[in-house]
Visitor: 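Encoded as structure tokens, here's the structure I'll be asking about.
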Amino acid sequence: MTFRPTFLLTLILVVVLPLSGCMDSYGNQKVVSDQQEFGAAVKAAQPGDVIVLKDGVWRDFEISFEGEGLPAAPITLKAETKGGVILSGQSNLRLSGNHLVVSGLVFRGGHTPTSEVISFRRDKDHLANNSRVTEVVIDNYNNPERRESDFWVMMYGKNNRFDHNHLVGKRNRGVTMAVRLNTEASQNNNHRIDHNYFGPRSILGSNGGETLRIGTSHYSLTNSNTIVENNYFDRTNGELEIISIKSAGNIIRANTFFEARGTLTMRHGNGNLIEDNVFFGNGKDHTGGIRVINADHTIRNNYMEGLTGYRFGGAFVVMNGVPNSPINRYHQVRNVTIEHNSIVTSDHIQLAAGSDQERSATPQDSIFRRNLIANNSGRDIFTVYDDVSGMDFQENLLNDVPSPKLSGGFASEKILLERSENGLLIPTSEQQIGYGINADLTPTAKASTGVSWYPKAEQSVQFGTGQTIQVKPGEDTLTRAVASAAAGDVLMLNDGVYTVSRIIDVTKPVTIRSANDVKEVPASGIEITYSRTALFEIKDGGALKLQGLKVSGRNAPDAAGNSVVRTSKYSMLRNYELIVDRCEFRELDINHSFSFLTVSLSTFADKIVIKDSNFTDVTGAILKLDREFEDFGIYNAEYVAISGSDFTNIQGSLVDFYRGGTDESTFGPHFSLTASMLNNVGHGKRNKSRSSVHLHGVQVTDISDVTFRNSMPIVINHTVGEPQTSIQSNRFFDTKLPRVAELNSEYENTAVIRDNEVRGN
């Protein structure tokens, strides 16, 4: 009977203390309608006060929110209605002081005028502590220059919380969210980052696309003590590192990673706890799990399913280190405990990864215990790059692998899995339940993160989702049709001649196709001619799909450097797609260097596809993807696929594809050329690469079932990582054999060149 009075006393204290500390904590609410009123309200604010921004669009509003609240009576800044306040133009938010709360705001339609959208400091001397940002949205709030770096959220100070926020569409360079430890006042910070929705982040095509970073290499041996829990990472595909831990003493737990390219990476710093996280790859390209570097970590009860990533982006990766490593390189893995993790239906576990002359320090004094590895293919998914005798393998369960690379510490037996109520695959055998994750592990659900009042919309190119519009032949009928089309519309062209007198701006996803069912080229009764330096210009937000068309360049101006398609001359934040299907392009020979596609700096294609199409008489290249010539690891397209197509009398290369430098933060580019024919390709005097296909720094290459006649050779330069190059089952007639060079490695090149037919060389 003593419990009830104690409970009542606790309730009384909770209610009375705030009122005795600040009598107007529930009554002093100030609604402000402009920036001047806001400034006055902030200056007058006392503990417990609430400043309300009136609903509407607040443009070019640099919010400096500072004050001294109390633990039970914070000073609050909120929207009149959740989501009703839109901060646009060049707006941002800076907090400084103690016990502040911000909620309900939306940043959209602009970009920060400084380096941060939300900062937990006013300047280096005035930080926020014991403060909270909750239910705030940042949606596509990007600097218009793709390569200009900024951060959406930067945490400083101590004991701050960032929770239930919605961050989606970061497209320019810079980490989406970071925790800084650059002064003692921000170290051992005890921040909490929880229940946030980190929405889709598109492929950046360079370093600098992390979603969350904790610390930097300079302060990586310092404790941050940040907790990151119950967040949802939805297709956060910026670069190799989704979460980059560069500090010590952090807890990363109970987060869900959905179809996210890359890994949770312990890049620098020691003594981090990684537990209860769930990774769903669903077979998507380059989806990864956990990458281990440094010492004293505990990695337990994590679930990884359907992950396809390899090398540094595998389902589970333990790295080699650099002996006596400088602080910004790779410290040796030591004293790491890896236990009770489940890695199911995934492709790669990499041990001693990155082993080379520099990274020669193998993992030491570490335990790999009672983990479950189940892959129904029967394939051994372990790759061991160096000596792993410093890892103690104990009581792990491996799914029925006939001759495993690692046998000591592994039982290999049949594992049957079933999906439990929590959505995870669990062994059906009671004897196997003790391996891998706890059966009651529950993934953090998407719906439990972010805000309830703002949609978690898809962020991808959508062809064919709009109306179908008939277009008649004539002068500039196509130009007008594209200009008036909505995103996803399909323009159906009837037989006849379409003349175009101005460059067609493509600012949304649009499909242009023959009204007839064109099954073979050249069956179309449609011809498009144009009199400007390009037919189409893809601008920010645009994407283009062409089907069943004939395009002639005979009316293009007599000037060098024409093209059929080009990208904007200016930086494009949104990645585009270009798909060409059953089309014919000819007479691209008015003056020199007339190419099919030319791109500009700071533009990036998720996908370029050419299939079942013909190209004849071209004085330039088909695909000029070589504008990112600075050797910073930047490139112009992620996936390029050419199939079933013929190329005749092409003076330049079929493709010039360039990714320079030795940065290891990206997965691409990827290139495939299959079931096609190249006839007299690459012999033009302005073709500096002296090749029919020129690939520099491409990470994945597949060239197969292609006939090369009287063409320049394939030239491939490997520059970084472990490129996968396959040149198989092709026919080289009067064409020199492919040349593959390793530019930055003393090892034998890894290209697979076999089963090719050679005649007349």
Visitor: Any side-chain heavy atom of I214 sitting closer than 4.5 Å to one from I252?
Guide: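 I214 vs I252: side chains touch.
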
Visitor: Quick one: closest heavy-atom pair of T287 and K284, and the distance?
Guide: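 Scanning both residues completely, I find the closest heavy atoms to be OG1-O, 2.9 Å.
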
Visitor: Is a side-chain donor or acceptor of N231 paired with a backbone partner of H195 at a separation under 3.5 angstrom?
Guide: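 Between the backbone of H195 and the side chain of N231 there is a qualifying donor-acceptor contact (under 3.5 Å).
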
Visitor: Give the ring-plane orientation class for F38 versus F61, where under 30° counts as parallel, over 60° as perpendicular and anything between as tilted.
Guide: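 F38 vs F61 ring planes: perpendicular.
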
Visitor: Any side-chain donor paired with an acceptor under 3.5 Å for N341 and N302?
Guide: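 There is such a pair (donor and acceptor under 3.5 Å, judged by atom type) between the side chains of N341 and N302.
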
Visitor: Kindly determine whether D49 and K30 satisfy salt bridge (charged side-chain N to carboxylate O under 4.0 Å, His left out), including the steps that lead there.
Guide: CA-CA 8 Å; D49 284 0; K30 176 69 173 178; over 6 Å; no

Visitor: Atom OG of S452 and atom CD of E135: how far apart are they, to the nearest 0.5 Å?
Guide: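 Interatomic distance, S452 OG to E135 CD, rounded to 0.5 Å: 6.5 Å.
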
Visitor: Output, in order, the C-alpha distance, side-chain angles, deciding distance and verdict of salt bridge (charged side-chain N to carboxylate O under 4.0 Å, His left out) for D163 and R192.
Guide: CA-CA 8 Å; D163 69 283; R192 186 179 177 204; over 6 Å; no

Visitor: May I ask you to test the V137-L167 pair for a side-chain heavy-atom distance under 4.5 Å?
Guide: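 Contact flag for V137/L167 side chains = no.
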
Visitor: Could you check if a side-chain atom of I51 sits within less than 4.5 angstrom of a side-chain atom of V42, using non-hydrogen atoms only?
Guide: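 Contact flag for I51/V42 side chains = yes.
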
Visitor: Take D150 and N172 through the side-chain hydrogen bond (donor to acceptor under 3.5 Å, both in side chains) test and state the conclusion after the steps.
Guide: CA-CA 8 Å; D150 59 30; N172 64 310; 3.1 Å; yes

Visitor: Output every pair passing side chain to side chain donor-acceptor pair (under 3.5 Å) with a member in residues 179-188, not counting sequence neighbours, ordered by first then second residue.
Guide: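 Non-adjacent pairs meeting side chain to side chain donor-acceptor pair (under 3.5 Å): N188-N225.
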
Visitor: Using a 3.5 Å distance criterion without hydrogens, assess whether the side chain of R146 forms a donor-acceptor pair with backbone atoms of L204.
Guide: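 Confirmed, R146 side chain pairs with L204 backbone.
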
Visitor: Considering only heavy atoms from C-beta outward, does the side chain of V510 approach that of F463 to under 4.5 Å?
Guide: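 V510 does not reach F463 side chain to side chain.
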
Visitor: List in chain and number order the residues that pass side chain to side chain donor-acceptor pair (under 3.5 Å) with E37, two or more places apart in sequence or in another chain; answer none if no residue qualifies.
Guide: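 Applying side chain to side chain donor-acceptor pair (under 3.5 Å) to E37 gives S33.
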
Visitor: Looking at R94 and E116, is there a salt bridge between them, counting it only when a charged N and a carboxylate O are closer than 4.0 Å?
Guide: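 A salt bridge is absent here (no side-chain N lies under 4.0 Å from a carboxylate O).
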
Visitor: Before giving the answer on side chain to side chain contact (heavy atoms under 4.5 Å, CB included), spell out for Q29 and V52 the whole-Å C-alpha distance, their side-chain angles and the decisive distance to 0.1 Å.
Guide: CA-CA 7 Å; Q29 177 170 295; V52 180; 3.7 Å; yes

Visitor: Taking the side chain as every heavy atom from C-beta outward, state whether V506 and Y576 have any pair of such atoms under 4.5 Å apart.
Guide: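 No, too far: nothing below the 4.5 Å cut-off.
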
Visitor: Report the relative orientation of the aromatic rings in Y454 and H166; use parallel for angles under 30°, tilted for 30 to 60°, perpendicular for over 60°.
Guide: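 It falls in the perpendicular class, over 60°.
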
Visitor: Hydrogens and angles aside, do R574 and S202 bring a side-chain donor and acceptor to less than 3.5 Å of each other?
Guide: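 Result is no, nothing qualifies.
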
Visitor: I would like to know whether F120 and Y156 meet ring-ring contact (aromatic ring centres under 6.0 Å, His included); could you show each step before the answer?
Guide: CA-CA 5 Å; F120 282 75; Y156 301 90; 8.5 Å; no

Visitor: Are E305 and R419 close enough for a salt bridge, meaning some N to O gap below 4.0 Å?
Guide: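 Salt bridge: yes.
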
Visitor: Starting at CZ of R291, measure out to CZ of F312 and round the result to the nearest 0.5 Å.
Guide: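 Reported to 0.5 Å precision, the distance equals 6.0 Å.
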
Visitor: Show your reasoning for whether salt bridge (charged side-chain N to carboxylate O under 4.0 Å, His left out) applies to K539 and D505.
Guide: CA-CA 7 Å; K539 295 190 171 182; D505 291 337; 3.4 Å; yes

Visitor: Consider side-chain hydrogen bond (donor to acceptor under 3.5 Å, both in side chains). Of T226, N223, N129, which one does N189 pass it with?
Guide: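 Per the side-chain hydrogen bond (donor to acceptor under 3.5 Å, both in side chains) rule, the option paired with N189 is T226, out of T226, N223, N129.
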
Visitor: Tell me whether the rings of Y197 and Y232 are parallel (<30°), tilted (30 to 60°) or perpendicular (>60°).
Guide: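 Plane angle under 30°, so parallel.
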
Visitor: Please round to the nearest 0.5 Å and tell me the distance separating atom CG of N237 and atom OG1 of T666.
Guide: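 Nearest 0.5 Å value for the CG-OG1 distance: 13.0 Å.
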
Visitor: Could you tell me whether D234 and K456 have a side-chain N and a carboxylate O separated by less than 4.0 Å?
Guide: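 Between K456 and D234 there is no salt bridge, as every charged N stays at least 4.0 Å from the carboxylate O atoms.
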
Visitor: Quick one: does S206's side chain have a donor or acceptor within less than 3.5 Å of a partner on I634's backbone?
Guide: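 Here the side-chain-to-backbone pair does not exist.
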
Visitor: Less than 4.5 Å apart, any side-chain heavy atom of V153 and any of I138?
Guide: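 Yes - at least one pair of side-chain heavy atoms lies under 4.5 Å apart.
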
Visitor: Please determine whether the number of non-hydrogen atoms from other residues, nucleotides or ligands lying under 6.0 Å from atom NZ of K158 exceeds 12.
Guide: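 Enclosed.
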
Visitor: Is the shortest side-chain N to carboxylate O distance from E241 to K246 below 4.0 Å?
Guide: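 No.
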
Visitor: Give a yes or no on this: more than 12 heavy atoms of other residues, nucleotides or ligands lie within 6.0 Å of atom NZ of K446.
Guide: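 Counting neighbours around NZ of K446, more than 12 heavy atoms of other residues, nucleotides or ligands fall under 6.0 Å, so yes.
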
Visitor: So which pairs with a foot in residues 65-76 pass salt bridge (charged side-chain N to carboxylate O under 4.0 Å, His left out), sequence neighbours left out?
Guide: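 Sorted result for residues 65-76: E66-R122.
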
Visitor: Could you walk me through whether F280 and F258 pass ring-ring contact (aromatic ring centres under 6.0 Å, His included), step by step?
Guide: CA-CA 5 Å; F280 291 120; F258 178 79; 7.3 Å; no

